Amino acid sequence: MTLRFGVWAAVHGSRGALQDPDEPFDASWARNKKLVLEAEALGYDSALIAHHTANPYDDEWDQLEAWSAAAALAALTSRIEIITAIKPPLYHPVILAKMAQQIEHISQGRFAINLVNAWNRAEYDKAGITFAEHDQRYAYGREWIETVEALLRGERVSFKGQYFDISGFQLRPADPYRARPLIYVGGESAPAKDLVAAHGDVWFINGQPLENVRALIESVRARPRAGAPLRFGLSAFVIAGETTSAAAEAYEHLLALATKDAEIRARQKQNTDPAVVMKHTHTYSKTPIIGTNGGTFAGLVGSYDEVAARIDAFGQAGIELFMLQFQPFEAEMRRFAAEIFPRITAAAKTAAA
Ligand SMILES: Cc1cc2nc3c(=O)[nH]c(=O)nc-3n(C[C@H](O)[C@H](O)[C@H](O)COP(=O)(O)O)c2cc1C
């Protein structure tokens, strides 16, 4: 299996500590454009553009708009996969499928959606959009993706469900590059697992230790599924250094900076739906976590060789795509490409020999 590496775009600024002199707040289009173009040039395979309409830490701060940015990035890049998250209640499935198909065309077959069913209540409440309870959000998301998937395949769709009533809608042009853009799903609850087994191509797992990841993969593989086997991606915050102690020092440095964010994090916690699984998983971590979506809980903190070996172990467990966070982002993304990419290639060659 070839491992792939991706970067989280800086859609709402830094992912670790929010007040870092080495990474001043910047969620601008200019920064994100440069970041993704550089990631592509360095050899990264994917860029993930998270979907938030307002900055989830503080709505006074800037937030990049995911779907317009994705279209522009698709036009500016030539090789990297552009994955864009989508929260179903924010777009009718016909409109979103049309946008996704257009970006698939702009990118010439490099576009993917990441279906996420939301945790930030404030984003919906302030807009006057109903923030349904957890499993109801998934029921809505399931109907939504069922129609989006069929539309992306170029089918003429008639669908009458609890939420949507579509009669004979068809998108043209269809996808000339493949059957349809890829569908990723982020979320760890039972309905998220059911949803990805039924309708996803790749399951994004929040960063966490190998044994958890193994169990999660197993529990999803046990679910009924038609078509190609499900693939797996893992989110992780990387702190890689020349030595184990250099990485530990960098971790402590970021942790000290992150303590300045206590008030912001507390507010964010208040806005988070308590039913969301990732909120609980991370409480099992013995050390404080840096980064979002599991962050350093995945354990990619250590010397270059240690980080490469852990990636290899996740790869053996079935993870194919590593969706990475760094801080300061650009400098550490370069370091990872320079130091870890060659070590992964070497490890893969040794395994194949
Ligand atoms: C890789 C990944 C990317 C995500 N991206 C977003 C995002 O862009 N916007 C968002 O609101 N939530 C995002 N989420 C969080 C999901 O919305 C969250 O996990 C969801 O509420 C599912 O809850 P569950 O784990 O209880 O199933 C992401 C999750 C993962 C794993």
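Keep in mind the model is a prediction, meaning the values are calculated, not measured. When a ligand or atom number is given, it counts from 1 through the structure's own listing order.
- Of the possible donor and acceptor atoms, none in the side chain of R15 sits under 3.5 Å from a partner among the backbone N and O of F329.
- Looking at A192 against ligand 1, only its side chain comes within 4.0 Å, counting heavy atoms.
- Using a 4.0 Å cut-off between a side-chain N of Lys or Arg and a carboxylate O of Asp or Glu, E123 and K87 qualify as a salt bridge.
- Between R137 and ligand 1, no pair of N/O atoms sits closer than 3.5 Å.
- If you check which protein heavy atom lies closest to atom 31 (C) of ligand 1, you get N206 OD1, 3.1 Å.
- For atom 12 (N) of ligand 1, the nearest protein heavy atom (residue, atom name, distance) is W119 NE1, 3.4 Å.
- Distances shorter than 4.0 angstrom do not occur between any heavy atom of N120 and any atom of ligand 1.
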What do the steps show when you test L96 against I86 for side chain to side chain contact (heavy atoms under 4.5 Å, CB included), and what is the final call?
CA-CA 9 Å; L96 191 281; I86 172 69; 3.7 Å; yes

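- The closest approach between a heavy atom of W203 and any atom of ligand 1 is not below 4.0 Å.
- With hydrogens left out, the protein atom closest to atom 19 (O) of ligand 1 is G187 CA, 3.8 Å, a heavy atom.
- By the 3.5 Å distance cut-off applied to N or O atoms, A118 is counted among the residues near ligand 1.
- For the pair E104 and R180, the tightest heavy-atom approach, listed with the atom from each and the gap, is OE2-C, 4.5 Å.
- Inclusion of E188 in the set of residues having an N or O under 3.5 Å from an N or O of ligand 1 is warranted.
- Remark: ligand 1 and F204 share no N or O pair separated by less than 3.5 Å (distance only, no angle test).
- Only the side chain of W8 comes within 4.0 Å of ligand 1, judged by heavy-atom distances.
- Residues V185 and Y138 share a single hydrophobic cluster, defined by chaining ILVMFWY side chains whose heavy atoms lie under 4.5 Å apart.
- Residue-level proximity to ligand 1 for D273 is absent, since no heavy atom of it falls below 4.0 angstrom.
- The protein atom (non-hydrogen) at minimum distance from atom 9 (N) of ligand 1 is H51 O, 3.2 Å.
- Considering backbone and side-chain N/O atoms, K87 comes within less than 3.5 Å of an N/O atom of ligand 1.
- Taking a cutoff of 4.0 Å between a charged side-chain nitrogen and a carboxylate oxygen, R343 and D312 do not qualify as a salt bridge.
- By the criterion of a heavy-atom distance under 4.0 Å, neither the backbone nor the side chain of M323 is placed next to ligand 1.
- Ion pairing of R142 with D194 is absent here, as no side-chain N (NZ or NE/NH1/NH2) approaches a carboxylate O to less than 4.0 Å.
- Protein heavy atom nearest atom 16 (C) of ligand 1, with residue, atom name and distance: V116 CB, 4.0 Å.
- Both the backbone and the side chain of A50 come within contact range of ligand 1, each with a heavy atom under 4.0 Å.
- Using a 4.0 Å cut-off between charged nitrogen and carboxylate oxygen, E23 and R31 count as a salt-bridge pair.
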Go through the steps to decide whether F341 and Y44 satisfy the test ring-ring contact (aromatic ring centres under 6.0 Å, His included), and finish with yes or no.
CA-CA 9 Å; F341 281 176; Y44 286 89; 4.9 Å; yes

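- In terms of protein heavy-atom proximity, atom 28 (C) of ligand 1 is nearest to N293 ND2, 3.5 Å.
- Atoms OG and CZ, from S78 and R110 in turn, are 6.0 Å apart once rounded to the nearest 0.5 Å.
- The closest protein non-hydrogen atom to atom 26 (O) of ligand 1 is H134 NE2, 2.7 Å.
- Y138 counts as a contact of ligand 1, since one of its heavy atoms falls under 4.0 Å from the ligand.
- If you look at F159 and F164, their ring centroids are not closer than 6.0 Å.
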